[in-house]
Amino acid sequence: MHRASWWNIYRPWLDDWISRSEWLISELNWAKDILHSLDATTETCINPIPFLNNQAEGGIDLDGMGKVVDIVGASYHPAWNFRYANRELFPALMATGLRKQAAHSFVKRVEVTEVQTGNTFNSAFKPCEASASEIGQFFIACIAAGAESVCGWCLNIRSQDFEAGDWGLLDDNDNPTPRSKMLALVNERLQYALNITGEWSSYKSKSFIAYDPSSQAIEWVEGKDLPQVPGRAMRFP
């Protein structure tokens, strides 16, 4: 097209999304082959970008990844992932993300690789402190939604590394806090319940999630700040 044209052509963007997703899957296969050449029994897990976000932006193809690894993990840090939602919705959004990833036909098992267990006053876009009761809700909601395991991030404050910052379950002296005691209580009650009921399995969802990854790629590029022609690709505040 003419170099002065501002019409947005979708084909190159779709090719870009397909190329990035296929490259990422090839890299996962390469890493898996190396791992299994050394240890054929270790399970493999990935932890992609948040599942309620646009997947095309990160070149994510969950079905393709599900064919490669044993477990698909997830990270849920409300101070980053759920800035658009009220606090009382955080556990439900985590459960929704888990059910969404489990709905993909080639995803065999799911887990929560990281969930916020401390405050983020110094390190987040939307600083917030997770209370002991909220942390209990996070863990129970994820397990009830089908996660095989839930791992808190993180145990103790890493004073030399701002990546973890002030997220610790323990206090500044590495002593227990109400948050860490809540996780002990959750674990105790779950073990008690499992001894009575036996193993849990997530309820088979009656909903069917259907979406075209290509449409997410178009949504992603349409959300970019591109030059506009009047009447085309209009954006509203």
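As a basis for the values below, the full set of heavy atoms in this structure was taken, side chains included, without hydrogen atoms, waters or symmetry mates.
- Expressed to the nearest 0.5 Å, how far OH of Tyr76 lies from CG of Asn81 amounts to 8.5 Å.
- Within a 6.0 Å radius of OH in Tyr192, other residues, nucleotides and ligands contribute 12 heavy atoms or fewer.
- At a threshold of 4.5 Å between side-chain heavy atoms, the hydrophobic network of Ile, Leu, Val, Met, Phe, Trp and Tyr places Leu169 and Val186 in one connected group.
- In the hydrophobic clustering of ILVMFWY residues, with side-chain heavy atoms under 4.5 Å counting as a link, Val69 and Val107 come out together.
- For the pair Arg20 and Asp16, the salt-bridge criterion is met [side-chain N within less than 4.0 Å of a carboxylate O].
- A heavy-atom distance below 4.5 Å is not found between the side chains of Val112 and Phe138.
- Transitive grouping of hydrophobic side chains (ILVMFWY, heavy atoms separated by less than 4.5 Å) brings Leu185 and Val115 into a common cluster.
- Annotation for Asp63 and Ser105: closest pair OD1-N, 3.3 Å, computed over non-hydrogen atoms.
- Residues Val221 and Tyr10 are in side-chain contact: their nearest non-hydrogen atoms beyond the backbone lie under 4.5 Å apart.
- For the atom pair CG of Asn53 and CH2 of Trp80, the computed distance is 14.0 Å after rounding to the nearest 0.5 Å.
- In this view, Ser19 satisfies the side-chain contact (heavy atoms from CB on, under 4.5 Å) rule with no residue, not counting sequence neighbours.
- Residues satisfying the side-chain contact (heavy atoms from CB on, under 4.5 Å) criterion with Glu148, sequence neighbours excluded, are Ile71, Arg109.
- Residues Glu114 and Asn47 have side chains that never bring a donor and an acceptor to within less than 3.5 angstrom of each other.
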Stepwise, does the salt bridge (charged side-chain N to carboxylate O under 4.0 Å, His left out) test hold for Arg11 with Asp15? CA-CA 6 Å; Arg11 185 68 261 169; Asp15 289 343; 2.9 Å; yes

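- Val72 approaches Pro48 most closely through the heavy-atom pair CG1-CD, 4.3 Å.
- Leu194 places a side-chain heavy atom less than 4.5 Å from the side chain of Trp200.
- Taking hydrophobic clusters as Ile, Leu, Val, Met, Phe, Trp and Tyr residues chained together by side-chain heavy-atom distances below 4.5 Å, Trp13 does not share a cluster with Trp23.
- Remark: Thr177 OG1 to Leu183 CG distance equals 8.5 Å, nearest 0.5 Å.
- For the atom pair CD of Glu134 and CZ of Arg179, the computed distance is 11.0 Å after rounding to the nearest 0.5 Å.
- Shown here for Thr44 and Val68, the closest heavy-atom pair between the two residues is OG1-O, 4.1 Å.
- Between Pro176 and Lys181, the shortest heavy-atom distance links the atoms CB-CE, 4.1 Å.
- Thr117 places a side-chain heavy atom less than 4.5 Å from the side chain of Phe139.
- For CZ of Arg87, the number of neighbouring non-hydrogen atoms (other residues, nucleotides, ligands) closer than 6.0 Å is greater than 12.
- The shortest heavy-atom contact between Trp17 and Gly59 is CZ3-C, 3.8 Å.
- Side-chain contact between Ile25 and Lys67: absent, with no pair of heavy atoms (C-beta onward) separated by less than 4.5 Å.
- For the atom pair CE (Met94) and CD1 (Ile140), the distance works out to 12.5 Å, reported to the nearest 0.5 Å.
- The shortest heavy-atom contact between Pro78 and Gln116 is CD-OE1, 3.2 Å.
- With rounding to the nearest 0.5 Å, the separation of CG in Leu93 from CG in Leu98 is 11.5 Å.
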